[in-house]
Every structure is written in C-alpha cells, then in structure tokens.
Amino acid sequence: MGSLRRTASCAEVDNSKIGQEVVLAGWVQRRRDHGGVIFVDLRDRGSFLQVVFRPDIAESAHEHAQNLRSEYVILVKGKVEPRSEDTVNPNIRAGDIELAVTELRILNSATPPPFAIEEDAGVDESVRMRHRIHDLRRPPLQRALRARHNLFQAARAALSDLDFIEIETPILTKSTPEGARDFLVPSRSHPGDFYALPQSPQIMKQLLMVAGYERYFQLSRCFRDEDLRADRQPEFTQIDLEMSFVGEEEILAVLEQVTKRIFSDVGGIELDANIKRISFVEAMDRYGCDKPDTRIQLELVELTEVFRSSELRAFRMGVDKGGIVKCLPIHDAQGMSRGRIDKLESMVKKELGGKGLAWVRVMDDGEWQSPIAKFLSDQEKEAITKATEARPGSVLLFASDTKARVNAILTRLRTDLGWELGRVEDRPWDVLFVVSFPLFEEAEDGSITYAHQPFVAPVEEDIALLETDPLGVRATHYDLVINGVEIGSGSLRNHRSDVQRKILEILGYSEEESRELFGFLLDGLEIGAPPHGGFAFGLDRMVMMLVGGESLRDVTAFPKTQRGQDLLMGAPSVVALDQLEELGLQLRPQEDE
RNA sequence: GGGCCGGUAGUUCAAUCGGUUAGAGCACCGCCCUGUCACGGCGGAAGUUGCGGGUUCGACUCCCGUCCGGCCCGCCA
C-alpha cells in the first residue's frame with residue numbers, strides 16, 4: 001500500500017466530486033479490457049464505481065491493469081471525471097461519472113471466485129456454504145448483516161432508554177435437566193465434570209432480579225443441541241430481558257415499544273399502535289396452533305360433538321378414546337381438484353402421521369361428493385353444514401385424531417392452502433401477543449409436564465388450583481408471534497419459593513432433586529426475591545423476517561448446516577488424544593452393526 | 001430416529017429405452033480489440049458423473065449400500 005491511503009469510499013463519489021482527485025480501494029468486481037482502454041468496476045463496502053485505465057493518462061497503470069482479475073484487491077488514485085454523454089449508464093449508481101486512474105497499486109491477487117459475487121449468485125447452497133467468504137461478499141448477506149447490526153443497535157437503544165442495563169452472564173454454566181439437550185464442555189480441573197453452554201440465561205437473569213438490578217437485558221448467545229431446521233441453528237442470539245415489580249401489562253408494554261422500535265429502525269416499518277392479543281385457547285380453537293398467521297383467512301371448526309354417536313366409526317371411535325374432530329372449511333374452492341385433495345391426504349399421512357384425510361365437496365346442486373357421506377345421517381350433515389357454513393363450492397377437510405394431531409394436521413393444511421388459494425389478507429405484517437397459556441400440559445405417557453419452562457408463575461387467582469386441578473392452571477406466559485413465526489416468549493416468574501416448590505413437586509421432582517438441580521434458584525427466592533418477569537426475542541428470526549430471508553443461514557455470518565457442521569472451518573472435528581487425556585476423557589469405539 | 005428432494009467440468013445445466021470419444025452457457029487460460037458497463041472476436045484447457053458394490057457384452061442412466069446438501073416429522077420450555 002506504501003504511503004498511499006484511501007481518501008473516499010465508492011459511495012461517497014458522486015458528480016459533486018467531479019474534478020477532484022481521490023484514492024479508492026477495494027476489490028475488482030469486473031474487468032472489461034478493450035485493449036486500448038480498460039474498465040474496472042471497483043467494489044468496496046456497500047458500493048462500486050467504474051474506474052478507467054487509459055494509456056494516454058497513465059501508461060504504466062494501464063499496463064498493470066491488464067493483469068487485474070476478479071477479486072484482486074487494489075488501490076487506485078485518479079481524477080473523478082464526467083462521462084461523455086454517449087457513455088453515460090443510467091442504470092447504475094454514479095453511471096454519469098468515472099475515475100480516470102493515474103496510479104494503480106495491486107494490493108493482493110486472488111484466485112478466481114467459485115461463483116459470481118453478485119446479487120443473485122445462482123448456485124447451490126452447499127457451494128455457498130463451502131465458500132462462505134465469497135458468499136459474504138454478496139449484497140444479500142451484506143444487507144442481512146447490516147440489518148442485524150441495526151437490530152442490535154435498536155434493541156440496545158430501546159432498552160437503554162427504558163432504563164435497562166446490559167449484564168453478561170456465563171457461557172460456561174451448569175447443566176440442568178429441563179428443556180433441550182445441553183452442549184457440554186468437559187472440565188480439565190475437575191475430571192469427569194462438565195460445564196454446559198446456556199440454553200438461555202433464564203436462571204441467571206432471575207437471580208439478577210433477586211440481586212436488585214430491577215431491569216436487565218442482554219444480547220445473549222444461546223445453545224441447544226437439538227436437530228435443526230431452516231429457522232433453528234444450534235447457537236443463536238436472544239434479546240433477553242427481565243424486570244422487577246411489574247405485572248404482565250407492564251412487560252407487554254415494554255415488548256411493544258421494543259418491537260416497534262426495531263421494526264422502525266431496522267426496516268423502516270411503522271407497526272400499528274397496539275399489538276393485537278389473542279388467548280392460547282382461541283388461537284388453538286380457530287387456527288389450530290399457538291402461533292397463527294391471522295392474515296390467512298381460513299379457520300377451523302370444532303365438530304367433536306357431532307360425531308360422538310356417528311355411524312362413521314373411524315370418527316366415533318376416535319372421539320370415544322378422547323380424541324377430537326375438527327374441520328377446515330374452504331369456500332368457493334371449485335378450483336381444488338380431486339388430485340390435489342389426494343396429494344394433501346398423502347402429505348398428511350406421510351409427513352404428519354395422520355391416518356387419513358376425510359373430505360366433502362359440496363356440488364352445485366348441494367349434493368355431497370365425499371367418501372364419508374354415506375355414513376352420515378341427515379342430521380349430522382345439517383350440523384356440519386351449519387357449523388362450517390358449507391355451501392355449493394365448499395370443500396370441507398376433516399381430521400379426527402388426538403387433539404394435538406388434529407390441530408397439527410389442520411394448521412398445516414390451513415397454512416398451505418391459505419397461501420396456495422390466495423386466502424391471505426393483503427398486509428405485510430401480522431403481529432400479535434398470544435396470552436393465557438396453560439401452565440402445565442399432559443405428556444404422552446399421561447404425566448404432567450410444564451408447557452414452557454418450570455419457573456413460569458401461575459396466574460394469581462389460579463394458585464389454589466395447583467392442588468386440585470393443575471392442568472387447569474393458567475400461566476402468565478405470553479408469546480410474540482409475527483407472521484406465524486414465534487419470535488419470542490416470556491412470563492412472570494415464581495418469586496415465592498413455596499409456589500415454585502409446589503410446581504416442581506407437581507412436575508415430579510422430589511425435594512432432594514429440586515434442591516440438587518435448582519437449589520441455587522430456590523435459595524435465591526428465599527433471600528428477598530421481588531416479583532419479576534421477562535422475555536426473550538429471537539434476534540435471528542427477527543432479522544430473517546426483516547430482510548425477507550428463507551433461513552437463519554441467510555442472516556448468520558458463519559452458520560451451521562442442518563447436521564450441525566460448519567463447512568468453512570470444518571467443525572466439529574477430531575481432537576488430539578492428549579487433549580482428551582488432559583480432560584480425563586476416553587472415546588468409546590464406534591459400534592458398527 | 002423417520003419421510004421426501006437433490007448430487008455430472010470452478011459453476012449452472014444437458015446427455016432419448018442402458019449403447020460412438022459425457023455436451024453446452026458462464027467462469028478460467030491465450031491472442032486480438034480505445035468507450036465498455038453481463039463488452040466483443042478467435043482459439044484453448046477443463047470430468048474418479050459424490051463414494052463403494054452389484055446386474056449387464058456395455059451403467060451418468062437400473063439395483064443395493066454409504067456420504068454430503070436441503071425441506072419436513074419426531075425433537076427443540
């Protein structure tokens with residue numbers, strides 16, 4: 001580089017700089033060599049500019065420019081000049097000017113890139129992952145990481161303004177049995193013992209409340225060793241917050257402000273004044289899931305009672321066994337072919353574990369075309385018609401199974417068909433709080449388990465129900481749902497140790513186990529714990545929504561593949577035997593069968 | 001753990017029913033070119049068809065296994 005230093009970025013060079021001498025630095029986006037004159041599109045962070053090498057201006061720079069190739073790193077000095085009228089390119093930024101180079105310094109050469117560094121590289125994602133650095137040079141990831149930064153800043157500013165303070169909590173922490181599988185870190189000084197990476201800073205932030213910090217936040221890394229999805233990475237970032245001496249309303253008010261600030265600062269989007277609320281029960285009834293996209297206009301209808309004594313044995317027996325029947329009515333669905341319905345049925349069976357998909361098509365004359373019609377009494381047909389508002393042109397899709405599976409099947413059909421058939425309200429954002437979740441739910445083996453996590457406080461007037469009807473206890477839990485994606489969740493926590501102990505007892509922990517596993521929290525609750533509660537936003541998912549990404553990999557600098565590998569670094573990887581020895585570890589031979 | 005889709009040159013794709021030497025665009029390399037901006041012209045190089053096995057006179061193609069990428073179910077408070 002010598003003594004020459006960059007004096008401007010490409011973005012700063014416009015026709016107000018005509019006549020001035022500037023020094024630019026960046027990468028060769030493209031070279032167009034005309035023999036006598038050579039054009040190079042110079043790219044730097046966020047912009048680019050055409051620079052031109054002419055032998056009549058600088059013989060030696062022109063000579064050197066012949067050696068330039070894509071992605072070479074260069075420094076150029078020259079004069080900003082207007083382009084002649086016939087060479088102006090109105091399709092690009094600064095297409096009316098160019099830099100006439102007087103001096104070229106090649107700072108570094110580069111091997112040819114595996115794909116074009118352009119808006120749309122048009123290559124397979126595995127190629128992009130393997131060459132992540134090149135991919136990171138492309139505009140989509142540049143924008144995403146910029147948006148991510150803006151989101152960090154917006155969150156920090158919003159919470160700081162609300163008097164929250166940022167406190168770090170440990171990454172090396174203790175394994176606790178609840179929730180996801182932990183990532184473990186072996187301890188060298190305590191052979192056989194392990195740290196765990198935090199799934200979230202949940203207990204730590206509660207202890208900070210006990211310690212009197214009153215308003216905490218952290219942009220915290222979280223780790224969960226579970227199978228991945230497009231919207232799930234093994235490590236991710238949360239905007240984690242907790243506050244004392246508040247109830248649900250005060251927390252929701254904070255969340256509303258933070259959410260709006262983020263949307264406004266990052267996406268330039270002004271959300272409605274008040275975020276809509278819907279109860280868990282209503283969400284499940286109408287949409288079949290606890291994170292509905294309410295822009296989709298299709299809704300489910302409960303029909304269990306209709307089939308309680310039906311001749312349709314498949315349904316009646318399901319109901320006898322405690323299952324339910326629900327229907328997804330789709331009106332004006334003449335365009336939905338039999339073939340499409342068959343495809344839906346096979347999807348339901350294969351992907352969702354359903355037994356089948358019963359359906360009815362109401363013909364123009366009101367007749368029911370349906371594999372189940374012959375089992376239905378007129379009375380039942382009438383009840384179904386009334387409940388679903390079926391009319392000629394309607395297609396009714398039925399699911400009969402356990403409550404969970406019925407809802408899973410129909411919510412999937414509702415989403416897929418809603419988009420496919422265009423039954424979606426024309427507004428870009430659907431933001432809502434889902435509230436009044438149950439505290440507990442029944443596990444498959446009939447035992448009682450927590451619905452979200454074991455520290456959620458029950459609604460105050462339901463505390464008495466802990467003794468008599470735990471499954472009926474409402475929680476102070478709330479989720480933020482945007483466009484059908486769970487963006488975050490939170491609750492009030494148990495600040496009374498007797499309530500917390502009772503809940504752990506209901507969850508099946510003995511007194512000893514509770515003390516062993518959560519003793520430091522239970523102790524904390526006995527040294528003057530204030531009422532407190534909080535929330536955690538999934539930062540990655542928010543960025544993904546705001547930049548319109550398809551997966552978290554689109555908004556993460558160095559993401560993992562679906563099988564948890566970093567293809568760039570090659571992690572995870574084997575380690576040296578003496579490293580294992582030092583940790584007191586020994587690998588078990590792989591069993592092959 | 002399970003279902004589905006995919007894997008051919010650096011890259012994006014093609015290759016008829018299993019049949020000649022696996023082709024093409026872009027990228028790359030060389031030469032030419034003073035106004036391009038996806039520059040252009042001429043020429044060239046580039047392949048363990050993911051890997052292993054099988055069937056066959058013959059396999060990119062069919063079969064089995066396996067690895068890798070993706071989407072989903074389970075799982076993930």
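Every value quoted in this text rests on a predicted model; they were computed, and no experiment measured them. Below, read A as the first sequence line, B as the second, and so on, with proteins coming before strands; counting in each chain starts at 1.
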A.B. asks: Roughly how far apart, to the nearest Å, are B:G19 and B:C73 at atom P?
C.D. replies: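 These two P atoms come out 40 Å apart once rounded.
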A.B. asks: Could you please name the option among B:G35, B:U12, B:G1 that lies closest to any side-chain atom of A:V123?
C.D. replies: B:U12
A.B. asks: Would you check if there is a donor-acceptor pair between the side chains of A:S126 and A:R128 at a distance under 3.5 Å?
C.D. replies: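 The answer is no; no qualifying pair exists.
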A.B. asks: Which residues, if any, of residues 557-567 of chain A bring a heavy atom under 4.0 Å of RNA chain B?
C.D. replies: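 Only A:T561, A:Q562, A:R563, A:Q565, A:L567 qualify.
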A.B. asks: Which nucleotide in the list B:U11, B:G30, B:C72 gets nearest to the side chain of A:R69?
C.D. replies: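 Of B:U11, B:G30, B:C72, B:G30 is nearest to the side chain of A:R69.
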A.B. asks: I'd like to know if A:R229 reaches the base of B:G70 with its side chain, counting only an N/O donor and acceptor under 3.5 Å.
C.D. replies: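 Answer is no: no donor-acceptor pair is held.
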A.B. asks: From the set B:U11, B:C37, B:U36, return the single nucleotide nearest to any side-chain atom of A:E98.
C.D. replies: B:U36
A.B. asks: Mind listing the closest non-hydrogen atom pair of A:P113 and A:S70 along with its distance?
C.D. replies: CD-CB, 4.0 Å
A.B. asks: I want to check one thing: is the phosphate of B:G74, taken as OP1 and OP2, less than 4.0 Å away from some side-chain N or O of A:R181?
C.D. replies: no
A.B. asks: Tell me the partner of B:C62, counting only Watson-Crick (N1-N3 plus N6-O4 or O6-N4) or G-U wobble (N1-O2 and O6-N3) with both under 3.5 Å; none if nothing fits.
C.D. replies: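 Checking every strand shown, B:C62 finds its partner in B:G54, with both distances under 3.5 Å.
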A.B. asks: Suppose you measure atom C1' in B:C13 against the same atom in B:A22; what distance do you get, rounded to whole Å?
C.D. replies: 13 Å
A.B. asks: Could you check which of B:G70, B:U11, B:G74 has an atom nearest any side-chain atom of A:R130?
C.D. replies: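 Minimum distance to the A:R130 side chain belongs to B:U11.
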A.B. asks: Name the pairing partner of B:A46, where a pair is Watson-Crick or G-U wobble with both distances under 3.5 Å, or state none.
C.D. replies: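 In the structure as shown, B:A46 has no Watson-Crick or wobble partner.
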A.B. asks: A:D86 has an atom CG; how far is it from atom P of B:C37, in whole Å?
C.D. replies: 13 Å
A.B. asks: A:E59 has an atom CD; how far is it from atom C1' of B:U34, in whole Å?
C.D. replies: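 Value for this atom pair: 13 Å.
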A.B. asks: Can you say whether a donor on the side chain of A:E550 sits under 3.5 Å from an acceptor on the base of B:G70, or the other way round?
C.D. replies: no
A.B. asks: Given atom CZ of A:R54 and atom C1' of B:G35, what is their separation to the nearest angstrom?
C.D. replies: 9 Å
A.B. asks: With heavy-atom distances below 4.5 Å as the criterion, would you say the side chains of A:L99 and A:V76 are in contact?
C.D. replies: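 Yes; the side chains approach each other to less than 4.5 Å.
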A.B. asks: Hey, would you say the A:Y478 and A:F433 ring centroids sit under 6.0 Å apart?
C.D. replies: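 No, ring centres 6.0 Å or more apart.
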A.B. asks: May I ask which nucleotide in the shown strands pairs with B:C39, Watson-Crick or G-U wobble, both distances under 3.5 Å?
C.D. replies: none
A.B. asks: Taking the six-membered ring for Trp and the single ring otherwise, decide whether the centroids of A:F455 and A:F518 are under 6.0 Å apart.
C.D. replies: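 Yes: the rings meet the under 6.0 Å criterion.
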A.B. asks: When rounded to the nearest Å, what value does the distance between C1' atoms of B:G7 and B:G52 take?
C.D. replies: 16 Å
A.B. asks: Go through B:G35, B:C72, B:G74 for me and flag the one nearest to the A:R232 side chain.
C.D. replies: B:G74
A.B. asks: If we ignore angles and hydrogens, is there a donor and acceptor under 3.5 Å between the side chains of A:D96 and A:N15?
C.D. replies: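 Checked: A:D96/A:N15 side chains pair up, N/O donor to acceptor below 3.5 Å.
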A.B. asks: Searching all strands shown, indicate the nucleotide that pairs with B:U16 (Watson-Crick or G-U wobble; both distances under 3.5 Å).
C.D. replies: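 Its partner is none (no Watson-Crick or G-U wobble pair with both distances under 3.5 Å).
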A.B. asks: Need one value for A:F115: base, sugar-phosphate or nothing, where a base atom within 4.0 Å counts as base even if backbone is also close, heavy atoms only.
C.D. replies: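 No contact.
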A.B. asks: B:G25 and B:G65: how far apart are their C1' atoms, nearest whole angstrom?
C.D. replies: 36 Å
A.B. asks: Using the C1' atoms only, state how far B:A45 lies from B:C28, rounded to an integer number of Å.
C.D. replies: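 Those two atoms are separated by 9 Å.
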A.B. asks: What is the distance, rounded to the nearest whole Å, between atom CD of A:Q199 and atom C1' of B:C76?
C.D. replies: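 Nearest whole value for this atom pair: 9 Å.
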A.B. asks: Using only heavy-atom distances, determine whether the side chains of A:Q50 and A:R30 contain a donor-acceptor pair under 3.5 Å.
C.D. replies: no
A.B. asks: If I pick the C1' atom on B:A9 and the same atom on B:C60, what distance separates them, to the nearest angstrom?
C.D. replies: 14 Å
A.B. asks: Side chain of A:R412, base of B:C73: donor and acceptor closer than 3.5 Å?
C.D. replies: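 Donor-acceptor pair under 3.5 Å: no.
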A.B. asks: With sugar-phosphate meaning primed atoms plus P, OP1 and OP2, does A:I92 contact a base, only sugar-phosphate, or nothing at under 4.0 Å between heavy atoms?
C.D. replies: base
A.B. asks: Got a sec? Which of residues 500-510 of chain A come in under 4.0 Å of RNA chain B, heavy atoms?
C.D. replies: none
A.B. asks: Kindly determine whether A:Q29 and A:D41 satisfy side chain to side chain donor-acceptor pair (under 3.5 Å), including the steps that lead there.
C.D. replies: CA-CA 5 Å; A:Q29 173 75 21; A:D41 291 333; over 6 Å; no
A.B. asks: Side chains of A:R93 and A:S47: donor-acceptor distance under 3.5 Å anywhere?
C.D. replies: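 Looking only at side-chain atoms, A:S47 and A:R93 do form a donor-acceptor pair, the distance falling under 3.5 Å.
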A.B. asks: Once you apply the 3.5 Å cut-off to both distances, tell me the Watson-Crick or G-U wobble partner of B:C26, or none.
C.D. replies: B:G10
A.B. asks: Please list each protein N or O that sits under 3.5 Å from an N or O in nucleotides 39-41 of chain B, with the distance.
C.D. replies:
from: B:C39; atom 1: OP2; to: A:R30; atom 2: NE; distance (Å): 3.2
from: B:C39; atom 1: OP2; to: A:R32; atom 2: NH1; distance (Å): 3.0
from: B:C39; atom 1: N4; to: A:D33; atom 2: O; distance (Å): 2.4

A.B. asks: Return whichever of A:G179 or A:P55 has its heavy-atom-nearest nucleotide of RNA chain B closer to the 5' end.
C.D. replies: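 Nearer the 5' end of the strand: A:P55.
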A.B. asks: Quick one about A:T169 and A:Q218 (side-chain donor to acceptor, distance below 3.5 Å, no hydrogens or angles considered), yes or no?
C.D. replies: yes
A.B. asks: Without decimals, in angstroms, what is the distance between A:K349 NZ and B:C4 C1'?
C.D. replies: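 Answer to the nearest Å: 16 Å.
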A.B. asks: So what does A:A116 hit on the nucleic acid, given a heavy-atom distance under 4.0 Å: a base, only sugar-phosphate, or nothing?
C.D. replies: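 Result for A:A116 = nothing.
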A.B. asks: Is the base of B:G70 touched by the side chain of A:D124 through a donor-acceptor pair closer than 3.5 angstrom?
C.D. replies: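 Donor-acceptor pair under 3.5 Å: no.
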A.B. asks: Under 4.0 Å between any heavy atoms, over every strand shown, what does A:S200 touch: base, sugar-phosphate, or nothing? Just pick one.
C.D. replies: base
A.B. asks: So, A:D33 versus A:Q66: side-chain donor-acceptor pair below 3.5 Å or not?
C.D. replies: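 No, because no side-chain N or O of A:D33 sits under 3.5 Å from a partner of the opposite role on A:Q66.
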A.B. asks: Can you tell me which nucleotide in B:C71, B:C28, B:C76 comes closest to the side chain of A:A230?
C.D. replies: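 The answer is B:C71, which lies nearest to the side chain.
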A.B. asks: Find the distance A:R128:CZ to B:G10:P and express it as a whole number of Å.
C.D. replies: 20 Å
A.B. asks: If you count heavy atoms of other groups shown closer than 6.0 angstrom to NZ of A:K502, is the number above 12?
C.D. replies: yes
A.B. asks: Any donor-acceptor pair under 3.5 Å linking the side-chain atoms of A:D240 with those of A:S220?
C.D. replies: no
A.B. asks: How far does the P atom of B:G40 sit from the matching atom of B:G3, given to the nearest Å?
C.D. replies: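 Rounded to whole Å, the distance is 49 Å.
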A.B. asks: What is the distance from NE2 of A:H131 to P of B:C68, rounded to the nearest Å?
C.D. replies: 18 Å
A.B. asks: State which of B:G69, B:G35, B:C76 makes the closest approach to the side chain of A:T87.
C.D. replies: B:G35
A.B. asks: At under 4.0 Å between heavy atoms, what does A:R405 touch on the DNA or RNA strands: base, sugar-phosphate, or nothing?
C.D. replies: nothing
A.B. asks: Which of these nucleotides, B:U34, B:G35, B:U11, is closest to any side-chain atom of A:D56?
C.D. replies: B:U34
A.B. asks: Return the value, rounded to whole Å, for the distance between atom CD1 of A:I409 and atom C1' of B:C73.
C.D. replies: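 Going from A:I409 (CD1) to B:C73 (C1'), I get 12 Å.
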A.B. asks: If I pick the P atom on B:U61 and the same atom on B:A15, what distance separates them, to the nearest angstrom?
C.D. replies: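 Approximately 14 Å lies between the P atom of B:A15 and that of B:U61.
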